Amino acid sequence: GLSFNNLCLKIKFSSISKVLRATVKGQRESNSRLQLLQDQTNKDNWILNAINHIDEQLRGDYSDKKIAEISLNAITNMVNALGGTVYIFDEDYQEYQLCHKIGIASAQQIKKSFKEDDGILGEITNKHTVVKIKDIDHSHLLLETSLSDKIATEIYIIPFTYENHCVGLMEVCCPIGNEKDEQLRFNFLDKVKDNIAIILKVAQTHGKLADLYEELQQQTEELEAQQEELRTTNEELVHKTHLLEASEEELRVQQEELI
């Protein structure tokens, strides 16, 4: 009877143990899912706050070049970049022109301009997505400090696309980090690029309207000057006509006196 009771107790303990182990495992899995969810929420909040911070800095009546400069300064600060460049599309020359650079040695030769489909940068203007390049051999862009002229970096090339046209392009070099940091950085750049593209396009449109208005004002002033000149000419013509009529009248009187 005793051995049977012991067997029953062992079975009970075994069942309870299985239930407890399953409960603990379930709790751990639940905690793990909650932690993942919390991590993702924190990352999303960081991206939103970073985008809002940049949007605040871009509020104002700025030119496209000033917007590009502010954006590069803000983004390099946000992603702890070591250096960067930003180009703006010039419609007159149909090319992307260097607008601002950070952290690049003055002796370093970098592109002053490039056209669509011209090299890596030109190709990316048509991709409309952020491109990441591991700069393993330092051949893409050289960054220097007083201690080293070889800094291992990864390069992010960010096209600012509005309605399938790239209005500007940014390139930032960041120290190579862990996979999570790199993914967060990539996601942030992928989201912020659309906001900056819209702000750049609006500024460029305002710039065009301002140029058109200035041209219209100049044409109006020239037209007014021509009208004033014409009025003066007409007045002189009327005056000369009166003088001629007076001379003719005087001549007629003299002819009558001679008769």
Side-chain angles (χ1 to χ4, degrees), residues 54 57-58 61-79 81-144 151 153-174 185-215:
I54 291 175
Q57 292 185 59
L58 293 175
D61 187 18
Y62 296 124
S63 68
D64 57 350
K65 289 181 174 59
K66 187 64 179 175
I67 288 166
E69 180 183 335
I70 293 170
S71 298
L72 180 60
N73 290 338
I75 285 176
T76 51
N77 185 50
M78 288 288 177
V79 299
L82 300 170
T85 56
V86 62
Y87 296 82
I88 294 296
F89 185 73
D90 187 296
E91 283 202 355
D92 295 332
Y93 292 94
Q94 288 293 300
E95 67 180 13
Y96 295 87
Q97 297 178 351
L98 180 65
C99 177
H100 190 55
K101 61 180 182 177
I102 293 175
I104 298 167
S106 57
Q108 176 68 27
Q109 294 297 315
I110 58 172
K111 283 181 177 288
K112 293 290 189 290
S113 65
F114 65 90
K115 293 185 180 293
E116 286 185 8
D117 301 320
D118 177 16
I120 294 174
L121 298 182
E123 287 177 15
I124 291 172
T125 61
N126 293 315
K127 287 185 182 296
H128 314 314
T129 57
V130 177
V131 174
K132 183 171 76 169
I133 301 170
K134 293 279 188 183
D135 190 25
I136 302 300
D137 58 1
H138 312 284
S139 63
H140 191 66
L141 184 61
L142 181 66
L143 295 167
E144 296 178 355
I151 302 171
T153 58
E154 55 187 11
I155 291 108
Y156 295 83
I157 305 175
I158 310 117
F160 301 125
T161 304
Y162 181 83
E163 292 185 349
N164 292 322
H165 179 250
C166 182
V167 295
L169 182 138
M170 184 181 292
E171 187 175 9
V172 293
C173 295
C174 305
R185 190 182 283 159
F186 186 93
N187 291 344
F188 161 64
L189 294 173
D190 190 54
K191 285 182 169 59
V192 76
K193 67 181 174 59
D194 295 331
N195 291 37
I196 293 174
I198 292 168
I199 296 169
L200 275 174
K201 184 62 180 179
V202 169
Q204 288 176 345
T205 303
H206 282 175
K208 281 185 198 170
L209 289 174
D211 289 344
L212 286 172
Y213 179 74
E214 189 177 337
E215 187 180 339

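We're numbering straight along the sequence, starting at 1. Just so we're clear, the structure is a prediction, and the values are computed from it rather than from any experiment.
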Legend entry - Check against side-chain contact (heavy atoms from CB on, under 4.5 Å), Q204 and E91: CA-CA 10 Å; Q204 288 176 345; E91 283 202 355; 6.0 Å; no
Inset, instruction - Start with the C-alpha gap between T125 and F114, add the side-chain angles, then the distance that decides, and say whether side-chain contact (heavy atoms from CB on, under 4.5 Å) holds. - result: CA-CA 11 Å; T125 61; F114 65 90; 3.9 Å; yes
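For CG of D117, the number of neighbouring non-hydrogen atoms (other residues, nucleotides, ligands) closer than 6.0 Å is greater than 12. Annotation: K101, atom NZ; neighbour count of heavy atoms from other residues, nucleotides and ligands within 6.0 Å is above 12. By the 6.0 Å contact criterion, CZ on F89 is enclosed, its count of non-hydrogen atoms from other residues, nucleotides or ligands being greater than 12. More than 12 non-hydrogen atoms from other residues, nucleotides or ligands lie less than 6.0 angstrom from CD of Q94. Residue K115 qualifies as enclosed at atom NZ: its count of foreign heavy atoms under 6.0 Å is above 12.
Rounded to the nearest 0.5 Å, atoms CG (L58) and CD1 (I198) are 12.0 Å apart. A distance of 7.0 Å separates SG of C174 from CG of L189, quoted to the nearest 0.5 Å. Between T153 atom OG1 and L82 atom CG the span is 7.0 Å, to the nearest 0.5 Å. The structure places CD of E69 at 10.0 Å from OG of S71, a figure rounded to the nearest 0.5 Å. Note: D90 CG to K65 NZ = 6.0 Å, rounded to the nearest 0.5 Å. Remark: I158 CD1 to I196 CD1 distance equals 8.0 Å, nearest 0.5 Å.
Take Y156 and apply the side-chain hydrogen bond (donor to acceptor under 3.5 Å, both in side chains) test, not counting sequence neighbours, and it matches E154. Every side-chain hydrogen bond (donor to acceptor under 3.5 Å, both in side chains) that N195 has, sequence neighbours left out, goes to D55.
When all heavy atoms of S63 and A203 are compared, the closest pair comes out as C-CB, 4.2 Å. For T129 against I124, the heavy-atom pair with the smallest separation is O-CG2, 4.2 Å. Across L98 and Y87, no two heavy atoms sit closer than the pair N-CD2, 3.3 Å. The heavy-atom pair separating Q57 from A74 by the smallest distance is NE2-CB, 3.8 Å.
H100 is listed as a side-chain neighbour of N73, based on a closest heavy-atom distance under 4.5 Å. V172 has its side chain within reach of L72: a pair of non-hydrogen atoms, C-beta onward, lies under 4.5 Å apart. Side-chain contact between I67 and F160: absent, with no pair of heavy atoms (C-beta onward) separated by less than 4.5 Å. Two residues are said to be in side-chain contact when any heavy atoms from C-beta on lie closer than 4.5 Å; I155 and E171 meet this criterion. Within the 4.5 Å cutoff, no side-chain heavy atoms of K127 are placed close to those of I157. Residues V130 and F186 are in side-chain contact: their nearest non-hydrogen atoms beyond the backbone lie under 4.5 Å apart. Proximity of Y62 to I70: side-chain heavy atoms (C-beta onward) are separated by under 4.5 Å at one or more points. The side-chain heavy atoms of E215 and D211, taken from C-beta on, include no pair separated by under 4.5 Å.
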Using residues 163-170 as the side-chain source, report each donor-acceptor pair under 3.5 Å to any protein atom, sequence neighbours left out, with the distance given to one decimal.
none

